[in-house]
Amino acid sequence: MRFTRRTLTAALALATVAGFSHQAAAADKPKVALVMKSLANEFFRTMEDGAKAHQKANAAQYTLVANGIKDETDTAAQIKMVEQMVAQRVQAIVIAPADSKALVSVLKNAADKGVLIVNIDNKLDADALKSKDLNVPFVGPDNRAGAKLVGDFLGKQLQAGDKVGIVEGVSTTFNAQQRTLGFQDAMKAAGANVVSLQSGQWEIDKGNTVAAGMLREHPDLKAIMAGNDSMALGVVAAVKAAGRTGKVQVVGYDNIAAIKPMLKDGRVLATADQYAAKQAVFGIEIALKALAEKKKQSELPAEVKTDVALVTKDSK
């Protein structure tokens with residue numbers, strides 16, 4: 001009996017030590033928050049899937065908390081999300097901000113509390129960051145260059161003087177502005193005339209409404225360029241409703257799965273692939289490396305460029 005008690009006592013002691021070791025290991029493992037824009041957008045669902053797959057493959061290295069807002073313009077909800085992540089004591093926040101300026105203050109507060117901040121997808125406003133004396137690395141593609149790739153491909157189908165429209169994303173976001181500039185660069189080079197520029201707020205329905213209005217106002221419109229593929233889906237529907245399929249070219253940006261059959265049958269001429277599944281992973285890896293090296297926010301690089309590629313029906 002005495003032997004059994006000793007054995008039991010030893011076993012309990014070992015179990016207690018093992019339990020403490022497990023808790024210590026878990027405590028040592030950084031918690032990373034991924035804060036995205038609208039999960040109604042296939043692009044961000046793909047981004048989330050890529051991040052979760054990466055965490056699963058690296059489960060011993062970090063834990064992941066992934067969140068997204070309901071629609072692209074709900075900036076207040078995203079600000080609250082950042083505050084919640086700080087309250088949950090995450091070590092890093094990787095964020096695709098819904099607004100390039102409005103998120104800077106809450107991210108500054110997070111950084112002041114020791115949370116590492118990494119910016120993906122939509123670049124935070126440089127002046128807003130400077131006003132808060134905050135350095136945040138942007139990990140993502142050159143949106144202007146990506147949109148110009150798409151616009152240049154469209155330009156080969158146009159003639160000088162042709163009228164075109166641009167359905168822009170949320171106008172206060174850096175990536176929307178950059179994609180519009182890229183489209184405009186391409187149209188200027190092609191000699192086409194941009195007769196309408198309106199925001200579809202990154203969403204299918206709003207993109208559809210804006211495109212329908214453009215087609216009514218400009219019955220001789222030759223093409224519509226959409227700042228993302230969600231809006232491009234809405235544009236395609238508007239072109240069809242107007243009886244202009246095959247007469248009005250449509251291009252997008254993001255290469256979401258829903259756009260691929262439209263590329264094949266010609267309803268969409270081209271889009272850009274900025275590798276949604278990898279974007280969050282790139283940001284997470286930058287954050288994990290900085291945490292491992294105990295780098296301060298101010299010591300992080302200002303920018304890390306990622307790839308963007310033209311996608312057409314002939315792309316493999």
Side-chain angles (χ1 to χ4, degrees), residues 36-37 41-44 46-47 50-51 72 94-101 103-104 117-130 135-156 164 166-190 192 194 197 199-200 202 225-232 251-256 259 263 268-287 289 300-312 315:
M36 293 164 287
K37 293 193 283 185
N41 184 336
E42 185 184 316
F43 177 81
F44 291 104
T46 303
M47 178 183 284
E72 299 282 359
V94 178
I95 185 167
D99 187 286
S100 298
K101 295 180 180 179
L103 270 295
V104 172
I117 310 298
V118 176
N119 176 202
I120 60 171
D121 179 61
N122 176 38
K123 193 174 184 181
L124 291 163
D125 184 78
D127 290 337
L129 289 171
K130 188 176 180 181
N135 170 61
V136 177
F138 174 68
V139 182
D142 185 328
N143 282 276
R144 186 168 184 168
K148 189 174 186 300
L149 283 174
V150 176
D152 284 342
F153 189 79
L154 169 63
K156 294 173 184 176
V164 299
I166 298 175
V167 180
E168 187 176 54
V170 175
S171 301
T172 56
T173 58
F174 184 80
N175 57 346
Q177 296 163 1
Q178 290 295 297
R179 290 175 197 177
T180 294
L181 287 171
F183 287 148
Q184 290 172 330
D185 292 342
M187 293 303 97
K188 184 177 180 181
V194 179
L197 167 59
S199 174
W202 299 127
M225 295 166 280
N228 76 352
D229 283 345
S230 289
M231 294 187 299
V251 298
Y253 196 109
D254 277 345
N255 194 33
I256 64 175
I259 217 76
L263 286 166
V268 172
L269 182 68
T271 187
D273 193 345
Q274 57 171 333
Y275 305 102
K278 294 181 181 179
Q279 266 207 35
V281 171
F282 292 144
I284 289 167
E285 288 180 341
I286 292 289
K289 186 173 186 290
L300 299 181
E303 197 161 355
V304 179
K305 280 281 194 302
T306 59
D307 293 335
V308 60
L310 175 70
V311 180
T312 69
S315 298

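Values below: all heavy atoms of this structure, side chains included; hydrogens, waters and symmetry mates excluded. The first residue of the sequence shown is numbered 1, and numbering continues consecutively from there.
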Undergrad: Roughly how far apart are Leu154 CG and Leu269 CG, rounded to 0.5 Å?
TA: 6.0 Å
Undergrad: Between Leu129 and Val136, does the side-chain contact (heavy atoms from CB on, under 4.5 Å) criterion hold? Intermediate values first, please.
TA: CA-CA 8 Å; Leu129 289 171; Val136 177; 3.9 Å; yes
Undergrad: Should Thr312 and Phe153 be marked as a side-chain contact (heavy atoms from CB on, under 4.5 Å) after you check the CA-CA gap, both sets of side-chain angles, and the distance that decides it?
TA: CA-CA 9 Å; Thr312 69; Phe153 189 79; 3.6 Å; yes
Undergrad: Just checking, any donor-acceptor pair under 3.5 angstrom between side chains of Asn122 and Ser100?
TA: yes
Undergrad: Quick one: are Asp121 and Asn175 in side-chain contact, heavy atoms under 4.5 Å?
TA: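 A side-chain contact exists here, since the closest heavy-atom pair is under 4.5 Å.
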Undergrad: Do Lys123 and Phe174 meet the cation-pi criteria used here (NZ or CZ under 6.0 Å from the six-membered ring centre, within 45° of the axis)?
TA: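 Verdict for Phe174: a cation-pi partner in Lys123.
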Undergrad: Any side-chain heavy atom of Met231 sitting closer than 4.5 Å to one from Tyr253?
TA: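 They are not in contact (no side-chain heavy atoms under 4.5 Å apart), so the answer is no.
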Undergrad: For a quick test of reading the model, state the closest non-hydrogen atom pair linking Ile256 to Ser230 and the distance between them.
TA: CD1-N, 4.3 Å
Undergrad: Which pair of heavy atoms, one from Lys37 and one from Ala98, lies closest together, and at what distance?
TA: CD-CA, 3.6 Å
Undergrad: I need the Lys188 NZ to Lys148 NZ distance, nearest 0.5 Å.
TA: 11.5 Å
Undergrad: Do you know which two heavy atoms are closest between Gln279 and Ile120, and how far apart they sit?
TA: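 Distance-wise, the nearest heavy atoms are O-CG2, 3.9 Å.
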Undergrad: Does any part of the side chain of Thr306, heavy atoms only, come nearer than 4.5 Å to the side chain of Lys278, both counted from C-beta?
TA: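 Side-chain contact under 4.5 Å: no.
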Undergrad: Which heavy-atom pair separates Val139 from Ile286 by the least distance, and what is that distance?
TA: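 Val139 and Ile286 have their closest heavy atoms at CG2-CG1, 3.9 Å.
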Undergrad: Could you check Thr173, Asn228, Asn143 and say which one makes a side chain to side chain donor-acceptor pair (under 3.5 Å) with Arg179?
TA: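 Filter result, single survivor: Asn143.
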Undergrad: Quick check for you: to the nearest 0.5 Å, what is the distance between Leu124 atom CG and Asn119 atom CG?
TA: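 CG of Asn119 is found 4.0 Å from CG of Leu124.
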Undergrad: Please give me the minimum heavy-atom distance between Ile284 and Ala51, naming the atom from each residue.
TA: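 Here Ile284 and Ala51 meet closest at CD1-CB, 3.9 Å.
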Undergrad: Would you indicate whether the side-chain heavy atoms of Lys156 and Asp152 approach each other to under 4.5 Å?
TA: no
Undergrad: Could you point out which residue of Asp254, Val150, Asp273 forms a side chain to side chain contact (heavy atoms under 4.5 Å, CB included) with Val311?
TA: Asp273
Undergrad: Evaluate the side-chain contact (heavy atoms from CB on, under 4.5 Å) criterion for residues Asn255 and Leu263: first the C-alpha distance (whole Å), next the side-chain angles of each, then the deciding distance (0.1 Å), finally the verdict.
TA: CA-CA 10 Å; Asn255 194 33; Leu263 286 166; 4.3 Å; yes
Undergrad: If you round to the nearest 0.5 Å, how far is CD of Glu168 from CG of Leu181?
TA: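 It comes to 8.5 Å.
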Undergrad: Between Phe43 and Met36, is there a side-chain heavy-atom distance shorter than 4.5 Å?
TA: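 No, their side chains stay 4.5 Å or more apart.
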Undergrad: To the nearest 0.5 Å, what is the distance between CE on Met187 and CE on Met225?
TA: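 Spacing of CE (Met187) from CE (Met225) equals 4.5 Å.
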Undergrad: With a 3.5 Å distance limit and no angle check, can you tell me whether Gln274 reaches the backbone of Asp307 through a side-chain donor-acceptor pair?
TA: no
Undergrad: Taking all atoms of both residues into account, what is the closest heavy-atom pair of Trp202 and Ala176, and its distance?
TA: CZ2-CB, 3.5 Å
Undergrad: Once rounded to the nearest 0.5 Å, what's the spacing between atom OG of Ser199 and atom CD1 of Ile166?
TA: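 Rounded to the nearest 0.5 Å, the OG-CD1 separation comes out at 12.5 Å.
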